[in-house]
Amino acid sequence: MNLNRHSTCIQTATFSMGCFWGPDSLFGHLPGVIHTRVGYAGGTTTDPTYYLMADHTETLEIDFDPEVISYPTILTLFWDSHDAVKDRTYKGRQYLSLLFYHDAEQQKVAHQVKQNWENKNHKKIQTEIQPYTHFYQAEDRHQKYFLKRYPKAHTAISNLFPTYSDYIDSTIAARLNSFVREFVLLADIKKELDFWNLTKSEKYILEDLLDTIHW
Ligand code: MHO
């Protein structure tokens with residue numbers, strides 16, 4: 001099954017704002033956000049891991065449909081949801097505030113939204129805004145981290161997918177990883193399913209599962 005929200009035009013946003021578990025669940029519930037993944041970016045070493053992160057930073061990457069959610073909306077939530085004003089070097093570069101733009105348009109918008117945020121809040125943002133070069137996906141245990149605290153749900157949903165990485169990459173896993181942190185109601189996820197590219201039977205199977213899982 002391809003239980004993903006459908007879109008013909010997908011863009012990617014990549015940013016760092018502290019421990020990546022939290023932003024994964026915060027951004028995962030937003031209609032228009034199709035995939036989320038956590039990883040490492042911004043450093044100079046190749047193939048970093050959690051224990052060998054070197055000068056990389058914990059980073060969230062999301063694929064989104066700009067017709068449903070705009071890049072400025074994403075960036076406003078980014079700056080509203082972490083402290084980008086204070087010095088964040090207490091753990092080297094692990095928890096820095098970073099923003100990686102994917103093209104000239106994102107670069108322009110990033111500086112505009114930053115300026116607006118500073119004017120509104122009368123504070124100076126320290127976020128490093130830099131061109132995207134590479135994102136290294138983190139180990140499976142860090143993906144959809146909070147959802148994994150519900151092993152029955154985790155197993156039931158993952159069984160719908162051909163591979164584990166299809167499940168980790170799915171819109172439904174992103175939404176449920178938000179739901180368990182109370183960023184979204186199950187009822188709202190169910191309503192949203194009408195806008196996904198599901199067949200009748202896929203929708204039925206998913207709704208039935210959401211109704212019967214004991215959270
Ligand atoms: N070690 C911290 C943060 C983990 S995060 C993936 C904790 O256990 O909360 O950096």
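As the structure lists them, so they are numbered: ligands from 1, and atoms in each ligand from 1.
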Partners of Y132 by side chain to side chain donor-acceptor pair (under 3.5 Å), sequence neighbours excluded? none
Any luck finding a side-chain donor-acceptor pair between N119 and Q115 under 3.5 Å? yes
F78 and F27: aromatic ring centres closer than 6.0 Å? no
Applying side chain to side chain donor-acceptor pair (under 3.5 Å) to H102 and not counting sequence neighbours gives T14
Identify, with sequence neighbours excluded, every residue that meets side chain to side chain donor-acceptor pair (under 3.5 Å) alongside E58. Q94
For a quick check: using heavy atoms under 4.0 Å, what are the residues in contact with ligand 1, sorted by chain and number? C19, F20, W21, Y50, E58, Q94, Y95
Do R175 and D188 meet the salt-bridge criterion of a basic N to acidic O distance under 4.0 Å? no
